[in-house]
Amino acid sequence: MLLVIRTHYNFRAVEARWRATWESSRCFCAVEDIDRPKYYVLEMFPYPSGRIHMGHVRNYTLGDVVARFRRAQGFNVLHPIGWDAFGLPAENAALERKIAPAQWTDSNITAMREQFRLMGLSLDWSREVTTCSPDYYRHEQKMFLDFLARGLAYRKESLVNWDPIEQTVLANEQVIDGLGWRSGATVEKRLLTQWFLRSTAYAEELLAGLETLDRWPEKIRVMQANWIGRSEGARARFAVAGRTDDSVEIFTTRPETLFGAAFCALAPHHPLSMALAETDPDLAVFLQDCNRTGTSEATLETTQTKSYRTHVTVRHPFVDTWELPLYIANFVVMDYGTGAVFGCPAHDQRDMNFAIMHSIPVKVVVVPFDTDPVIFTATLESSRRAFEGEGVLIHSDFLNGLDSVTARQTAITQLERTGHGCRHVQYRLRDWGVSRQRYWGCPIPVIHCPKCGIVPVSESDLPVQLPQDVDITGYGNPLERHPTWKNVSCPLCGGVAQRETDTLDTFFESSWYFLRYCAPHAAKGLDCTAVTYWMPVDQYIGGVEHAVLHLLYARFFVRALRDCGYLTIEEPFTGLFTQGMVCHVTYKCQDGNLLHPKDVIRSRDGVMVRIPDGAPVTVGRSEKMSKSRKNIVDTAHIIETYGADSARLFILSDSPPDRDLDWTDAGIDGAWRYINRVWRLGTRALTMQPVERLPYTMLGPSPAALVRQAHRTIATVTEDLEKLRVNTALARIRTLTNAMEKFADDQVGANWAYYFTLETVVRLLAPITPHLAEELWQEALGHTHLLAQFPWPTPDITLLVETTVVLAVQVNGKLRGTVDVPKGADTVTLEKAALAVPTVQTFIAGKRIRKVIVVPNRIVNLLVSSS
RNA sequence: GCCCGCUUGGCGAAACUGGUAAACGCAACGGACUUAAAAUCCGUUGGCCGAUCGGCCUUGCUGGUUCAAAUCCAGCAGCGGGCACCA
């Protein structure tokens, strides 16, 4: 059918048509094929909030560009999607709207699935996975049991944020300025027995593995390395004076400063602190006081150092007769190292501050190299600035005269020899607490039996399903309060027992969903053949906010699964791309209230005003789109007005994908205009005489130049897309379409050159604006098969070779002219050509040429001096 | 406090390994078409000076290396991100 020439592209009809064709042809469904190289591209799966936002559009469009590009390159592409469906918002919705979390989640998924479809993404919907489905979480319950059997899952007491009004545990994000987000009650710290995964067992491996991730952003690797936080040092034991059984074990990175020790301090939750409090009522009060401190960052920042001097003293590990005071201090954290420190005021600023507060004497044991110890000591004491650098040891018995690096090793050796300590590598990384006292999560499949203790649910009883009939009130844990669900008989003794009512952290589901996509309907959780074929993910794309938690948990989880025999890989994601945020300016009217972009319009004078009354509006800086800033642009509305291709094109234009992007109305208009320009280029092909393919050598000069430019564009766009530089790829394509618009002549082969160039543009645009490309491919170019299944173009490399180059000519380093020269010309020819440039001659006339620098194919620099 | 980034026209940006700074786009301005508007098309657009040809300056700031620096080095400033009583 001939295309009717119109000035406007009917995106509604075109997009709907090709979407339907792709879907019915199932051309995006992946099938394992060991004869073809695979490519696994994955965007971080969405939480089903109910609507897709611009961040999603950016994320999935980028992924789709990669998927379509790699598919065209001949890879067997896996590009799946699913839903990260457990989590707190569903419970909030249940509370606010009296709708069951499952129902709320389901209807959100239905709505979002439709919105994703409208974007024309080349997703394999046959592999859709929903994490709140028992078919999904039954497998992670099995994994949990395997972890438990291997000692990778365990229980221990841990501090949680406790809301005394809601009688519930709060996540850190739910604690705002030390208060519960809903109740406003002061949040307390409570010790609760919780489930943990032993992620610290993999600290070294997770750190070393970062070295192999050369297709990850450096920034993310640094963040993970810092998070894991490896420190080398020693543990040392200080015996408690007068109590033969008790000792205080500390960790230090500076064991060489032990002779400068002035005190020891314990965390309030240290077992010895608790033990001492039993016979010391003042200490008990102090410990209670410490528990009341909030956990938010703001609170931590303003928290004063609080400490308590106990009645006991501890003995120095190197000098048995030397006794040091023992403090309990709130700045010592229980879950790092041993929960105890020794204080060395002269060489640690925080210890110095502590010493000042408690009038503890300062003993200098390290002086900077080539410095007088007496003068230095005096200066340090008066300035009250600790010296934390390297230097020479003094007043330190067997360490005297050593440099601090050597002394560190000597001190450790001595600790080990005397049995008072040992070398130790400490990580900042903590074990992953996976317990949540929440309803909408995966139930932890264990049973608590008064006789048998913790009993795993037997495999045949999986999944442990969430009850449907829960009452979500906002108080306590709904599973705990459910009348019958938790009551079961013990699988071992058959006696009365209770289910675990904690559910798993939602990061648990996201730690293995990418494995499930490989065989989403398999009876086993992981199908070994499919996982071996598809994994690892070749290109993972998502927001930088997951740089540490999700990406680190997943890396740990895959290793834990490996050790349980599920798979053999180590790193789940060999390529990672972190996209920037989508931002928008904020609008504020004079009363200080924020206004939504749809309530604001540009007046005739060019200033922004409020829509109903024309009241002036101030434009604030561009910030990440969010409800609270009222700067969200509605995705559905944009797609409805401009079409998916325009939205995709805009979001990929201009800004490099890893940087933040400003959403502007002008920008989306510009994308829409460009789509129409390409459309018109397509319609122009229809008016041409039937096109006959001509060999390049028969083309006239101008058609030949266009064809050459098309080949060059193929080469550069391919290179750009390999590196996800979509903005520059688009700039190249635009340059080519600009040339097409200007191209008008009747030289030999003009029609062929135009047709070929149009075909090139269409093929290069296919990953970016797939509907438009498919339409032009079939309707304007006359192809009868799907472009979505057609190979990527390859440039004719013989046409990429330039015969001439523009030589820049500088005089004394300043550009004075250019000249066309044959490519590869020798230096003598280049120098001659350079000297002949008229604009150059005016600058060298009457001057002496001292030196000539010739860089073939690039530049000639003439150094002249007057006279 | 510690650790990372980043800084180029009015704006988003480009520039391979040090070799013609500002490609591509947005906005703006001028023009064509139109009764008019929109759409479209054609121009101009880093700054300063100069009638034109042209000249001088210009990649956060100050220095350095080099025939040549947005790019490399040192110091400083500003912005952003991560971690944070981590011993």
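All heavy atoms count here, side chains included; hydrogens, waters and symmetry mates do not.
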Nearest-angstrom distance, [atom1] atom, [N] to [M]:
{"N": "rG10(B)", "M": "rC49(B)", "atom1": "P", "answer": "15 Å"}
{"N": "rU71(B)", "M": "rU65(B)", "atom1": "P", "answer": "15 Å"}
{"N": "rG19(B)", "M": "rA74(B)", "atom1": "C1'", "answer": "24 Å"}
{"N": "rC83(B)", "M": "rC72(B)", "atom1": "C1'", "answer": "30 Å"}
{"N": "rA14(B)", "M": "rC24(B)", "atom1": "C1'", "answer": "8 Å"}
{"N": "rU59(B)", "M": "rA69(B)", "atom1": "P", "answer": "11 Å"}
{"N": "rU45(B)", "M": "rC53(B)", "atom1": "P", "answer": "12 Å"}
{"N": "rG46(B)", "M": "rC11(B)", "atom1": "C1'", "answer": "13 Å"}

Checking all strands, does L863(A) fall into the base, sugar-phosphate, or nothing category for heavy-atom contacts under 4.0 angstrom? sugar-phosphate
More 5' along RNA chain B: G337(A) or L661(A), using each one's nearest nucleotide? L661(A)
Starting at the 5' end of RNA chain B and moving along, which residue's nearest nucleotide shows up first, D662(A) or T818(A)? D662(A)
[X] [atom1] - [N] [atom2] separation (whole Å):
{"X": "R408(A)", "N": "rA87(B)", "atom1": "CZ", "atom2": "P", "value": "12 Å"}
{"X": "L815(A)", "N": "rC67(B)", "atom1": "CG", "atom2": "P", "value": "19 Å"}
{"X": "I328(A)", "N": "rA87(B)", "atom1": "CD1", "atom2": "P", "value": "21 Å"}
{"X": "R684(A)", "N": "rC41(B)", "atom1": "CZ", "atom2": "P", "value": "12 Å"}
{"X": "I228(A)", "N": "rC4(B)", "atom1": "CD1", "atom2": "P", "value": "16 Å"}
{"X": "I668(A)", "N": "rC26(B)", "atom1": "CD1", "atom2": "P", "value": "13 Å"}
{"X": "E719(A)", "N": "rA14(B)", "atom1": "CD", "atom2": "P", "value": "15 Å"}

Tell me whether E802(A) is salt-bridged to R712(A), with the criterion being a basic N under 4.0 Å from an acidic carboxylate O. yes
Short side-chain donor-acceptor distance under 3.5 Å, D431(A) and T200(A): yes
Quiz question: by atom type and distance under 3.5 Å, do the side chains of S622(A) and H584(A) form a donor-acceptor pair? no
Taking the inter-plane angle between the rings of Y754(A) and F743(A) on a 0 to 90° scale, is it parallel (under 30°), tilted (30 to 60°) or perpendicular (over 60°)? parallel
Write down the partner of rC24(B) under the Watson-Crick or G-U wobble criteria, each distance required to be under 3.5 Å. rG12(B)
Which nucleotide, in any strand shown, forms a Watson-Crick or G-U wobble pair with rC83(B), with both distances under 3.5 Å? rG1(B)
Checking rC67(B), rC85(B), rC83(B) against the side chain of R350(A) (C-beta onward), the nearest is rC85(B)
Anti versus syn assignment for rG78(B), with syn defined as within 90° of 0: anti
Between W663(A) and F650(A), does the ring centroid distance fall short of 6.0 Å? yes
More than 12 heavy atoms of other residues, nucleotides or ligands under 6.0 Å from CZ of R230(A): yes or no? yes
